[in-house]
Structures are given as C-alpha cells and as structure tokens.
Colleague: 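Below is a structure I'd like to ask you about.
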Amino acid sequence: MARNIKIAAFLAFKSIVKGNKATTALIIFILSLAFVNLVFIAGILNGVLEGINKQVVTNLVSNIVIEPQEEPTKKDFIIHARDIMDQVEKIPGVTAVTSRYKLAGTLAFDKEKNGKFKFRSGEIIGVDPENEKNISNIASKIISGEYLEGLGNGEILLGSSLAGGYGDSEDLIDLGGVRVGDKVQVTFSNQTVKEYKVKGIFRVQFGFVDRLAFITTKEAESILGVHDNASQILVKIKDTGSEDGYVDQIKTFFPNLRVDKWNNFVGALGNVSKSFDMITLIISAIGLAVAAITIFILIYVEVVHKRRQIGILKAIGIKQNIIIYSYIFQALFYVSLGVVIGTLLTLYVLVPFFSGHPLRLPVGETGLALNKLGLIYNALSLFLAALIAGFIPSWRGAKENILKAIWGA
Amino acid sequence: MEKSNLKTQRSKINNIIKVENLKKIYPGRVPTPALKGVSFDVKAGEFIAIMGRSGSGKSTLLHQLGLIDTPTEGQILINDTDVLKLSDSGKTLYRLQNLGYVFQEYALIAELTALENVYLPAFALGGNNDGYKKRAQEMLEIVGLGERVDHYPNELSGGEQQRVAIARALINKPKILFADEPCANLDSVSSKVVLELFKKLNKELGQTIVMVTHEPEDEKFVDRVIWMRDGLSESP
C-alpha cells in the first residue's frame, strides 16, 4: 500500500511539474475562489449574527436579565429592587447592575403645531441615567442634544427610529421628525398623560433599541405609583458566554424571580440566526458542488487527455489503484494550494477590507466574522469534494480496457 | 562460457509458452473472428517472429499472449501457469513480474525522463530505491542511451525512444519480451539497431522474445517464424 501511494505520488508530482503551468495556476486560482466563496458567505452571515448578539448584550438587555416572579403568582414588578441589586453586585465577576422600568404607551407629536398629531405606540423605559451608563452604550450614542441626567422630570430621550428624520427611513414607526427641544405627549397604558421635552436623540444602529424612549427611574415611578421596584434588573458580567454559572447563582439567591440569559431575549432575531444557518448551509452546499464539479471536469479532461498514457501504464503492469490515486493526489494538490491561497486572500484582503469598509445594516456595522473551526470545516469539505470528484473520472479512466485506452479500439 | 551455452540449450528444450486453440472473436452486429484456433509452443530462450499480412491476426495474437486482451476461447500457458485464469489484478501483477512489452509507437510516459520511464516498472515491483535506479541506468547503457538518461521523450529520436521502451520492458528481467512491430515507425538504421539489440539480448542473456513484424528481412534476426494467415497459424 505504501509503495502504491509512493508511486502514485511520484506520477502525480511529475504530471503537475511537467504539466502546463498556466493551466495549473488557473485551476488553483479557481479553487482558491471556490474556497473564498465558501468562507465569505458564512463569514458575512456570521458577522451579521455576531452584530445582532453584540447589540443585544451591549444595548438591549446586557448579559443576564432578572424579572418579576411568575410562580406561584405572577407579579408586575420586582419588589425591593435595590436590595437585590446590592446582593447581585457582590457576586464575583459581575461588573455592573441596573434596574429598569418598562412602560407601554402611545407617543404623540404635532410637528406643524396645527393640531394634527402623529401617534406612535412604543415602549418607554425608565432608567437610572448614571447606572445605565455602566450597562449600555446609549449614553455615548447621542446624535443630538444630551443624555438624561439625575432625576430629571419632564424630559425624555428618543431613539432615532422613533423620532424620525435621521435617515432611518421608517415612516411607519416614527413620529415624523422630532427634534431636541420639541415636546411629545405620552399616554401611558394606565391612562396617565404627560408631556415631555425631548432632551436628546440617540442612535445605536439597532432597530430594537432605536425605537425606544427613555425617561428617568424617578419619572417612571411617579407614573406607575411605585417605589424601589423594577420591571427588569440587568446584570453585566466580565465574560460574555459564561452566563450559565451566574444565572444558577442568582437563582439560588432569588428562587422566586425569573432569571434568563440575554439570548432568550433575542426573540424574532433567533429565527434570523436559524435562517442564516440554513442560508449558509445551502450556499455552502452549492459552492461545494460547483467546486466539486470544477475538480471533476479538470480531472476528467486530464484523464481523457492522458487516456493512452493510462493504457500504457496498465500494460506495463502499473496497478489500476496507483493510477486512480495519482489523479486523486493531483486533485488534492490543487485543492491544498487553493485552500492556502484562499485563506491568505480571506485573511489578508477581505478581512482588512471589511474592517475598513464595514457593511452598514440595521443591526449595526458588520464585517467578516471568521472562526478557525469554520475555516477547517470548509477546507475539509473541499478536500472531501476533491477526493470524490477526483476519484470518479480517474476510476472510469483507469478501468478502461487497455487496448481501447491505447488505440481507441 | 560452455556452462552458459549449456544452460541456454537446456532452457530451449522447455516450452515457456504453450498456446492451445486460441480464438478471438470481436463482438458486434456481425462478429469478427480475428483468431480462429491458434496453437503453437515457444521454447525458453527462443527469438520468435510472428509474421503475416495485415489483418492476419498477428497483433491480436500478441495482445492475447501479452495479457493486454482476453481471448474468446482457448488456453495460454506461460511457464505452466494458465494465465487466462488470473483475475484482472492478477494479470497486471503477472505482466509486471514476468512479461515485458514493447509497443509499435514507443509508448513512453511523456512526463517522465528516460531513466524514470525505465525504472517505473521496477519501482512498482518494489525493492531498493538506489537498486532500481542503478539497474535502469545499466539498462539504458545496454541499449546505448547511457548519456541520455535525463532526457524527456520529446527530446529523443524515434529510435532512441524505442530503445528506452525496450530498456523499460527489460528492467524487471521478464521471462518473455513481447514486441509489437517495434520497427514499424523507425528508419532502416534505427530498425537495424533495435533488431540487433534484440538479437544480442537473446544470444547473450537468453531472453525469450516474441516479436510481431511484417518486414520479411527481419526473418534473418530470429530463430523461428510463426506465420499467420486469416486468423490461423501456419507451420513454416
């Protein structure tokens, strides 16, 4: 067996060395593009998913969310939120904790001051402005006006998609172009009606967050008529990805409260992830099939071109397997170089390009998100494709009758 | 010297090839019989020519003997082995170990040098790396191409390529060397070189050679001629 492989490798080596250099270069180039194609699509879609996940953690719910008890009786708020936050803050690895009130309401804005209001329903979040800075990036994403301060009553912070007129092009959900200093009227679900002066407009480039409005905790408590309660307590930890241990620990402290990881709040975006996985799979399968067909055609042409030579090799006593292996080795050689060049193209051309020119999507700026495992998986897939695509034509060629192969009889 | 002659004489007594009622019919709408029941023997150390008109079946006969085609009926014994009973892979191995084959059109591997073409069958047979390269070098020297070992086939003349093919056929010390019109594409000078080389190999090494030729003047180089006519062998 070892000898057969040695001879096959020798024949493959000679065939490549003595073959047409331009053709070999073209084959390798095609296969490197096939590899880039496999890696690129998965990389972009992974980039989008990573972007979504990052936005959810950074601007929506942080790492862990504590919510009011559901069993045995469902409660609207977490009671004595401050005590709970103090206790959670003490857990090693927890870097920040904050509480939020979630209020539903309808916002109304009369842009032209002519009594024609534009109404939009939305979610109004009550936050401690200082604490919130440790949890989300919203404070640093103010595009007009200022961030909320202190206990500030009568002031509201609007997301750019809700305010409208900031290039988000979502007329159906925005208020038609609210500017800093304008007044908006909010009718809360408990029928409380209040007018707020817009203190600032923020944009984190994540639709789910940019549609929110923020008021202070104090203001939210006055509307809800509660004190030291919370709709949610958000917990930020040192290492994203190691939430499970913290969730268990918090649950032991507060068995009645509901404690979840951030990915349970991805909601509809979870389906995007599944869809992207499927798209990646389909595109990869098509890319792989195209690569396999390319290799098949290359080896088929090579086998047809060397039909007589195959007959001669068999006639002088070279085993059929050796001939097949030699063509498979050629296919694997082309793929090896294709993978190496494709990887270099990806790492040193595409990745720097997308870092400098990220794709601007509703979930934020997206680049190529590559992982080693993905690269290895794609490379192995391509090798497997080469193995099969190299085997079929060479097997057909090698099993041909010697006389037919040599003389076409 | 006397001992060597005695050995050659003794080997000539034994039949190295025994062909019995060999038939080859090419299938088709109208089946074409190419061999109609050929029988003959070849003794070890003989230099045999198979001659006959074009279409008489001489090349077909050589293909069957060289195990590169399968007859429809009959028996071929080589060194008492019923070679037609071997499997395809068994025939490949048998060719590698026991038979040498020289084709009409040189049939070298274009991507290999003269030396590589020659040592390829030895490489496939196994053994020491330096051993078969050294032996290939010696074989090329025997055929007069010791200085052209690193040349590729397209850098050699037709006669030189055919001599490389002969060296390749001999590298594994085959029991029988088959040659299918080895001089058909060569000029008269090159043809003479090749035939004299065959004669030399036969006389000095006792190499059994079965050669197909259609040149009547080649008769003087061989021990015996098997004449073919219409798919049948004729005694001289």
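Residue numbers begin at 1 in each chain, while the letters A, B, ... track the order of the sequences.
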Colleague: Partners of N371(A) by side-chain hydrogen bond (donor to acceptor under 3.5 Å, both in side chains), sequence neighbours excluded?
Modeller: none
Colleague: May I ask you to name which of P121(B), G126(B), G66(B), A169(B) has the most heavy-atom pairs under 4.5 Å with chain A?
Modeller: G126(B)
Colleague: Hey, are the side chains of L61(B) and L22(B) touching, using non-hydrogen atoms and a 4.5 Å cut-off?
Modeller: yes
Colleague: Which residues, numbered in order, of residues 76-104 of chain B come under 4.5 angstrom of chain A by heavy-atom distance?
Modeller: T92(B), R95(B), L96(B), F103(B)
Colleague: Assess whether a salt bridge exists between R308(A) and E105(B), defined as any Lys/Arg side-chain N lying under 4.0 Å from an Asp/Glu carboxylate O.
Modeller: yes
Colleague: Which pairs pass side-chain hydrogen bond (donor to acceptor under 3.5 Å, both in side chains) with one or both residues in residues 20-36 of chain A, sequence neighbours excluded?
Modeller: N20(A)-T23(A)
Colleague: Can you label the angle between the F198(B) ring and the F47(B) ring as parallel, tilted or perpendicular, going by 30° and 60°?
Modeller: perpendicular
Colleague: Going by residue number, which parts of residues 144-162 of chain B are within reach of chain A, meaning a heavy-atom gap below 4.5 Å?
Modeller: Y152(B)
Colleague: Can you say whether Q320(A) sits under 4.5 Å from chain B via the side chain, the backbone, both, or neither, judging by heavy atoms?
Modeller: neither
Colleague: If the plane angle is over 60° it's perpendicular, under 30° parallel, otherwise tilted; pick one for F40(A) and F354(A).
Modeller: tilted
Colleague: Do the ring planes of Y325(A) and F329(A) sit parallel (below 30°), tilted (30 to 60°) or perpendicular (above 60°)?
Modeller: tilted
Colleague: Is it the backbone or the side chain of K6(A) that comes under 4.5 Å from a heavy atom of chain B, or both, or neither?
Modeller: both
Colleague: I'd like to know if E50(A) pairs up with K54(A) as an ion pair, taking the criterion as any Lys NZ or Arg NE/NH1/NH2 lying under 4.0 Å from an Asp or Glu carboxylate oxygen.
Modeller: no
Colleague: Is the shortest side-chain N to carboxylate O distance from D69(B) to K24(B) below 4.0 Å?
Modeller: yes
